[in-house]
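Take a look at the structure below.
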Amino acid sequence: MTGFKALTSRGRSFLASGFAALLCAFFLGEHDLLRVAVLIAALPLLAAMVVARTRYRLSCARRLDPARVEAGSDSTVTLRLENVTRLPTGLLLIEDTLQYALGTRPRFVLDRVEAKGVREIDYKVRSDLRGRFTIGPLAIRITDPFGLVELARTFTVTDSLVVTPQVIPLPPVRLSGEWTGGGDSRTRSVASAGDDDVAPREYRQGDDLRRVHWRSTARYGELMVRREEQQWQSRGALLLDTRRPAHRGDGPRSSFEVAVSAAASIGVHLAHEGLGLRLVTDQGPQHLTDKGVSWSLLDTLAVVRQSQSRSLEQGVAALRQGGGDGLIVAVLGAIDPEEAQALARLRHGHMTGVAVMLDVASWEQSRAADERFEQAQAVLTGTGWRVLRLPAGTSLAAVWPDAAYSRSAA
């Protein structure tokens, strides 16, 4: 019964024509027409039975190269089909399932796959939007050589393509607070503390004699050497303002998408500089895996969405509770002076604070928003924060060098 349901429009037309010819041959008594009618009616029925009884066993594998791309970049999808039986296939119609953001569904036709044969098919996908997109499952339609019958088979395997925010290369900038507690600082602090504060250990064969600690050697009566200096990892925090009321515009050019791209660019830049980074949003701390700060950060930012929160309170509290940061970089939408004051209090001692403030007034042409920007900027600069103004249409790379300078409020 399944085979009859699989009849195509052509197959149904053949079947209807055969029965019509059969009736005409019966009423007219034409034996030749009867033979033709039987042939026309039998052809789709035989094709349906053959296709229904055929047990093709196909294996499918999908490869993405690369499996992680920036928004606006291409990824190549390779489909590998293998006929694992000793029976060659007929005509195969192949369609892979894609989400709307990746484009239209690709369709291919394979005339025939021989026994134990393998076919590989490539196509490209591209998305201008961030996200984690599912590719698959693959659907295959099997037809007979005459196109009278068509059966559908669907695989269950799917794959994920991660589309990360655009990362803008940033020029090198010296952020003094970035290295608080770092390896270089640790080395200098040991050297300035003097030999008396160094914890020595006994000499071991193979130790460099230049590391012999003579004062401890004289005290203990045996060779003592300085312990190897421990390299501490520098720590920093990245705050991303995801509040929907704080951003303007829609689509890839909205202020929110610019903020996400800025956070990704800064995070990758600092990670390459050796900074141990943690990500915080207005919703609190975000978990980054141990597979590498850059990749983990990009994977997290690929799926970050706007929140309905109206305050930065949770984000500020998460930064305060984490502590130990030599550097805080805040990527902000529209904030009022009270929120700026809460951020300003986070900076203390030798810690460096950098605020990338998106000028949302340039997205909406609002004078009131521009005044709030000036007030918030004055609060942050007055407490030693380094404020970078980022209007619509301006690249972060153009304003990033300003992060090296601290300005006082006028």
Side-chain angles (χ1 to χ4, degrees), residues 165-166 168 170-171 173 175 177-178 236-249 253-267 269-270 279-282 301 304 306-307 309-316 318-319 325 327-347 351-410:
Q166 183 182 12
I168 302 170
L170 301 179
V173 171
L175 303 174
E178 174 184 342
L238 179 61
L239 171 66
L240 174 61
D241 185 359
T242 65
R243 298 172 299 157
R244 185 179 297 275
H247 292 282
R248 302 294 183 272
R253 296 184 180 180
S254 66
S255 65
F256 176 67
E257 292 300 326
V258 171
V260 174
S261 175
S265 303
I266 295 170
H269 175 76
L270 296 179
L279 177 65
V280 177
T281 70
D282 51 278
L301 292 178
V304 69
Q306 289 182 289
S307 71
S309 178
R310 307 190 67 86
S311 171
L312 286 173
E313 182 179 354
Q314 292 186 32
V316 172
L319 289 174
D325 298 314
L327 172 69
I328 294 180
V329 180
V331 182
L332 306 169
I335 64 172
D336 55 39
E338 291 75 17
E339 293 167 336
Q341 188 64 46
L343 276 174
R345 297 192 193 100
L346 292 174
R347 185 184 175 277
M351 191 200 79
T352 299
V354 178
V356 180
M357 298 182 63
L358 275 70
D359 187 0
V360 295
S362 59
W363 270 270
E364 64 176 2
Q365 301 297 325
S366 170
R367 182 179 179 84
D370 189 68
E371 292 176 354
R372 290 195 300 270
F373 181 95
E374 298 291 347
Q375 294 171 359
Q377 182 183 31
V379 171
L380 291 174
T381 55
T383 55
W385 278 69
R386 305 173 187 183
V387 178
L388 283 61
R389 185 170 190 160
L390 187 61
T394 301
S395 172
L396 177 64
V399 301
W400 182 246
D402 293 340
Y405 306 102
S406 179
R407 298 179 177 83
S408 299

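The residues of the chain are indexed from 1 along the displayed sequence.
- To the nearest 0.5 Å, atoms CZ (F256) and CZ (R244) are separated by 8.5 Å.
- Across D282, L279, L346, V280, a single residue satisfies side chain to side chain contact (heavy atoms under 4.5 Å, CB included) together with L239, and that is V280.
- In this structure a side-chain-to-backbone donor-acceptor pair under 3.5 Å is present from R243 to A334.
- Using modelled atom types, one side-chain atom of H247 and one backbone atom of D241 make a donor-acceptor pair closer than 3.5 Å.
- The closest donor-acceptor contact from the side chain of Q375 to the backbone of R372 lies at 3.5 Å or more, if one exists at all.
- In this structure the side chain of V173 never reaches within 4.5 angstrom of the side chain of D402, judged on heavy atoms.
- In this structure, the side chains of L270 and L238 stay at 4.5 Å or more apart for every pair of heavy atoms.
- At least one side-chain heavy atom of E339 sits under 4.5 Å from a side-chain heavy atom of D336.
- Of all heavy-atom pairs between V331 and A259, the closest is CG1-O, 3.6 Å.
- W363 approaches L358 most closely through the heavy-atom pair CH2-CD2, 4.1 Å.
- Within the 4.5 Å cutoff, side-chain heavy atoms of I266 are placed close to those of L396.
- Side-chain atoms of S261 never come within 3.5 Å of backbone atoms of E257 as a donor-acceptor pair (strictly under, hydrogens ignored).
- The shortest distance between side-chain heavy atoms of T281 and S307 does not fall below 4.5 Å.
- Put simply, CD1 on I328 and CG on L343 are 8.0 Å apart, with the number rounded to the nearest 0.5 Å.
- Residues Q377 and D359 have side chains not in contact (no heavy-atom distance under 4.5 Å, counting atoms from C-beta outward).
- Distance check, rounded to the nearest 0.5 Å: CG of L388 to CE of M357 gives 10.5 Å.
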Exercise for review: Carefully, step by step, assess V260 and T242 under the rule side-chain contact (heavy atoms from CB on, under 4.5 Å).
Suggested key: CA-CA 8 Å; V260 174; T242 65; over 6 Å; no

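- Interatomic distance, CG of L312 versus CD of E338, reported as 12.0 Å (0.5 Å rounding).
- Looking at heavy atoms from C-beta onward, I168 lies out of side-chain contact with W400 at the 4.5 angstrom threshold.
- Contact annotation: the side chain of R347 never approaches that of L380 to less than 4.5 Å [non-hydrogen atoms, C-beta and beyond].
- Here the closest heavy-atom approach between residue A344 and residue T383 is recorded as CB-OG1, 3.2 Å.
- Here S362 contributes atom OG and L390 contributes atom CG; the two are 8.0 Å apart, rounded to the nearest 0.5 Å.
- Judged by distance alone, with hydrogens and angles left aside, the side-chain atoms of R386 form a donor-acceptor pair with the main-chain N or O of A403 at under 3.5 Å.
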